[in-house]
Visitor: 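What follows is a single structure, and I will ask about it in a moment.
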Amino acid sequence: MALILRSLVSEPLIRIMTKTREIKISQFLSFVLRHKPESIGLTLDKNGWASVAEILKNSKCRFSWEELKQVVENNNKKRFSFNDDLNLIKANQGHSVKVELEFKEIIPPDTLYHGTAKHFLKSIQEKGLLKGQRHHVHLSKDIQTASNVGKRHGQLVVLAINTKLMHQEGYQFYISENQIYLIEQVPANYLIVI
Ligand code: HQG
């Protein structure tokens, strides 16, 4: 954690707005808006919003307002949102800090997917999918998206979840503003390896 903190918070970012710089700013925002706001003396309100002015100030001018807007707008997974007045910013999902995000409850598609790594499989088949440090288990609408998520962890395994049956049996599903399906847990009997 200390290493990540050092590379995300202390290392100066390259000044030209390259794709690399955009990714670095996005990683920095994920880190402070989802996990460690206190690392730059930031406070999130109970819904996860932080002051834009504060984030620009506390990041010691690592990026400008224009760059911040560009990162939020171009982000490949729409990870962040501004409020209407553009003076507050939040991460749309993925938090480990305690925040109340108001996700919309939905009826899920019949099947959703979860990408994971082979070394987690035995435990998943025993205990089901658990949310760990996050607020929810994240599910994807297609195999390609699930594969991209899963291969971050090691040798890819994709699971198909019988979400139709789960919904019929009373499990509640939510969707984030960036179209990620969220659920508290997936017991092992609803999933198969594909
Ligand atoms: C696994 C990215 C053992 C789970 C992505 C996963 C996603 C278990 C890992 C978002 C388990 C947790 C979330 C059990 C679950 N035993 N392992 N019982 N239950 N696991 O990163 O879903 O780029 O917290 O399969 O796009 O990989 O951050 O979750 O492999 O939407 O915006 O434990 O992160 O979005 O890993 O990824 P993670 P995830 P961002």
Side-chain angles (χ1 to χ4, degrees), residues 1 3-5 7-9 19-37 39 44 48-50 55 68 70-82 89-99 101 103-104 106 108-109 111-163 166 171 173-194:
M1 187 59 92
L3 268 181
I4 302 171
L5 186 64
S7 81
L8 294 182
V9 179
K19 205 73 210 155
T20 317
R21 178 159 168 77
E22 241 183 74
I23 292 170
K24 247 189 152 174
I25 296 173
S26 167
Q27 287 174 338
F28 173 81
L29 292 176
S30 288
F31 184 72
V32 298
L33 293 174
R34 289 171 170 180
H35 307 298
K36 287 267 171 190
S39 67
L44 306 185
W49 292 103
I55 211 167
L68 183 64
Q70 209 172 314
V71 170
V72 172
E73 279 158 21
N74 294 350
N75 193 263
N76 58 347
K77 288 198 198 156
K78 299 281 168 226
R79 291 183 176 91
F80 315 105
S81 297
F82 289 120
I89 184 171
K90 69 167 182 183
N92 289 327
Q93 35 66 231
H95 297 74
S96 58
V97 292
K98 197 172 177 303
V99 289
L101 298 172
F103 294 122
K104 208 164 67 178
I106 48 125
T111 307
L112 286 171
Y113 302 90
H114 180 87
T116 189
K118 200 175 167 193
H119 59 268
F120 292 144
L121 194 56
K122 190 168 176 284
S123 162
I124 291 173
Q125 285 172 327
E126 279 167 22
K127 298 180 196 152
L129 285 170
L130 303 175
K131 61 187 179 178
Q133 302 227 311
R134 300 201 190 240
H135 290 205
H136 296 95
V137 171
H138 290 210
L139 303 178
S140 310
K141 65 179 183 326
D142 56 58
I143 295 173
Q144 184 56 56
T145 312
S147 304
N148 293 339
V149 175
K151 65 189 180 203
R152 292 151 55 242
H153 296 290
Q155 196 184 332
L156 176 66
V157 173
V158 177
L159 306 170
I161 324 285
N162 187 344
T163 39
M166 286 188 76
Y171 287 88
F173 289 79
Y174 301 89
I175 194 159
S176 68
E177 284 170 57
N178 51 348
Q179 307 301 303
I180 291 173
Y181 290 89
L182 305 166
I183 187 164
E184 275 285 312
Q185 53 148 329
V186 179
N189 55 308
Y190 296 102
L191 51 87
I192 52 161
V193 177
I194 57 170

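Whatever order the structure lists ligands and atoms in, that order sets their numbers, starting from 1. Predicted model only: the values in this text are computed from it and were never measured.
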Visitor: List in chain and number order the residues that pass side chain to side chain contact (heavy atoms under 4.5 Å, CB included) with V99, two or more places apart in sequence or in another chain; answer none if no residue qualifies.
Guide: L44, H95, V97, L101, H135
Visitor: Applying side chain to side chain contact (heavy atoms under 4.5 Å, CB included), can you list everything that pairs with S96, at least two apart in sequence or on another chain?
Guide: H35, Q133
Visitor: Would you confirm whether N178, through its side chain, and K77, through its main-chain N or O, come within 3.5 Å as a donor-acceptor pair?
Guide: yes
Visitor: Testing the 3.5 Å rule here: is there a donor-acceptor pair between the side chains of N75 and S26?
Guide: yes
Visitor: With rounding to the nearest 0.5 angstrom, report the CG to NZ distance, N74 to K19.
Guide: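 It comes to 5.5 Å.
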Visitor: Could you list all the salt bridge (charged side-chain N to carboxylate O under 4.0 Å, His left out) pairs where at least one residue sits in residues 152-161, not counting sequence neighbours?
Guide: none
Visitor: Heavy-atom contacts with ligand 1 below 4.0 Å: which residues, ordered by chain and residue number?
Guide: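 Shell around ligand 1 (4.0 Å, heavy atoms): R34, K77, R79, H114, T116, F120, S123, I124, K127, G128, L129, L130, R134, H138, V149, R152, H153, I180.
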